Amino acid sequence: MLSRSPAQPQVSPVFVPAQLQERLDELQLRSRASALAVSVVDLETEVAFHYHADRWFHAASTIKVAILLGVFGAIFRGELLPQSRVHVRNRFLSAYDGSPYRVRMDRDANAEVHRSIGRTLRVSELAHAMITTSSNLATNLLLDLVGLDVVQRTIDGFGLEGIDLRRGVEDELAFEHGINNRVTARGLARLLWLIGEERAFSPALSGQILDTLHEQHFKSGIPAGLPRDARVAHKTGDISTVAHDAGLVYLPNRRPYALVILTEWAPSAGDRSATIAAASYLAYAALVGDPEA
Amino acid sequence: MTGPAPSLPLRLADGRRLERRYRDVLLPDGILCDHAGQARLLPRYFYEIESWDQARDTYLSPHFAVAEFIHTDVREAPPLRVFPRYIPCATALLALALELLRDAAGTYVHIGANGGYCSPRHARVGGASPHCWGTAANIYRIGDTYLDTHEAIARYASIVREVLPTAWTRPLAPEHDRTDDHLHIDLGYVVSVPREAAGETYGAKLAGDPL
């Protein structure tokens, strides 16, 4: 089902929302995901498609795109520079009761940030680690530096509904008490659309945000459902009950489209990456046409 | 002059005579209150560090270079994130104390970022922190041991109490104003006035002093 051949010159077919909706219904049934939400916003054709797009999901690591926006907001306001040095310290305060907690090294994909404890890393290095290898320690350091309220105000300032930042990552106590970061597919798609349109603060800063998202290491979701010459600026998110991918898809000879795929699962159920890749392919085929169909 | 001048190749700076942008963040001779509400007089005299090379190459004791005491992050006041930088003269006493700890531990002692001198305008400073006197150090690692467990912190705090009986170590606990991810050592609110410092002329400020 998944096309891996290079994309043909892009000629937009007539987009049929009902057909894509039907195929996503089938995919959800087949995959046994307990929830699936998809948003597509095409900057080329201005087509927008939303499938259960206002359903709230635990954000997992997709919230890091919003935190990245908050960091660049601080850079835009002159409060930070990309080369500003930040003390690497593994001690954060729970959103539930202010008690300290730490990010476990064995649950963090990036050991390099942990090895820098006691020293400093640049804001740009932390942002890179937060996105490309999903470092939880880097995320909390940046959130601690910029401030949760400031990041949420930045999100709100762009009128981005559907992104609810309430705590740092790995805050188990807050998780146990139902304090979680939440997103909707529509909210994340709007955020990506903003970045793709180069309206996140300035074209230059939007470009830097995109550069960071383009360096994503985990490619088993959206990119796996696309032709080889597609480039994706994206962020994945996985915890025991959700698996997401959200990004901007760049194909030859056309403007990008924002694609957000959010899924929810019973613990240890289903082939999550394959389901996200399949949804990515369906969106691609609906927007661009399937050259192998 | 009755003897050789000190060999430290750093200019002695009277904080009260520095440019205003430095005075505003160093607060020479200013007052900070500690958690008990006691007023503490900040240092007036500082060593001036011209460059990172000078910080790295200038040692306050056999094993502790100036650079280790000025490794701050973006939370430090903007004028002190670029050179010239300033450290209170008492920082040299802290370096000597850390030398004793290093000898007792038998290995390297690593001061963490924001763990040496912090100005009163550092965003993490609340009240009279001895870090503003240059007399406190946050130790994150000794040799290959990260001080991020109660056992490791307690072990080295015990060594500190043995070799530096007048030093204070922050109690171990996760609550505010305690520590559980580093060893905090400080010598208290020590102010050092080198012999070559201009000092005070007798005046109104001292007139009430019975001595």
Side-chain angles (χ1 to χ4, degrees), chain A residues 70-94 96-106 108 111-127 137-138 140-147 149-150 170-173, chain B residues 52 55-56 67-78 80-83 85 108-118 122-126 131 137-150 152-153 156 170-185:
Chain A
V71 170
F72 274 85
I75 291 171
F76 178 70
R77 293 188 298 275
E79 296 161 8
L80 289 178
L81 295 169
Q83 65 268 30
S84 296
R85 293 241 164 223
V86 182
H87 177 194
V88 179
R89 183 180 185 187
N90 190 357
R91 189 177 196 272
F92 308 98
L93 302 181
S94 171
Y96 175 66
D97 63 356
S99 60
Y101 71 96
R102 293 182 188 178
V103 172
R104 282 172 47 185
M105 189 174 178
D106 61 353
D108 204 332
E112 191 57 41
V113 182
H114 283 264
R115 278 196 288 271
S116 298
I117 285 173
R119 304 200 295 268
T120 57
L121 288 174
R122 292 185 176 88
V123 166
S124 57
E125 292 170 323
L126 290 171
L137 181 54
N140 281 2
L141 288 165
L142 289 171
L143 191 58
D144 193 41
L145 178 67
V146 177
D149 292 346
V150 173
E170 293 273 318
D171 183 348
E172 295 294 333
L173 194 59
Chain B
W52 185 251
R56 198 188 49 212
E68 297 179 66
F69 298 94
I70 61 169
H71 187 193
T72 50
D73 76 354
V74 68
R75 295 172 179 88
E76 182 54 282
L80 299 181
R81 288 187 227 153
V82 293
F83 289 94
R85 301 276 301 269
Y108 301 100
V109 171
H110 299 271
I111 303 170
N114 293 334
Y117 173 64
C118 295
H122 189 291
R124 282 273 163 88
V125 167
H131 287 284
N138 294 338
I139 310 298
Y140 273 78
R141 187 155 64 98
I142 294 183
D144 292 331
T145 305
Y146 279 93
L147 303 190
D148 58 359
T149 64
H150 283 212
I153 297 170
Y156 285 104
R170 194 179 295 282
L172 272 166
E175 293 84 16
H176 175 67
D177 202 31
R178 300 290 187 267
T179 178
D180 62 358
D181 70 341
H182 66 272
L183 171 63
H184 169 101
I185 304 167

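The structure presented is a predicted model; accordingly, all values stated were derived computationally and were not measured. Heavy-atom basis, side chains included; hydrogens, waters and symmetry copies ignored. Below, chains carry the letters A, B, ... as their sequence lines are ordered, and counting in each starts from 1.
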* Structure fact -> Note: A/H114 and A/N90 closest approach over all heavy atoms is CE1-ND2, 3.9 Å

* A/H87 and B/Y140 aromatic centres sub-6.0 Å -> yes

* **Side-chain heavy-atom pair B/D144, B/Y108 within 4.5 angstrom cut-off** => no

* To do: Identify which part of B/N138 has an atom lying under 4.5 Å from any heavy atom of chain A, answering side chain, backbone, both or neither.
  => neither

* Which answer fits A/L80, side chain, backbone, both or neither, if we ask what part of it has an atom under 4.5 Å from a heavy atom of chain B? -> side chain

* chain A heavy atoms under 4.5 Å from B/H110: which part of the residue, side chain, backbone, both or neither? -> neither

* **Flag, side chain of B/R141 to backbone of B/G143, donor-acceptor distance under 3.5 Å** => yes

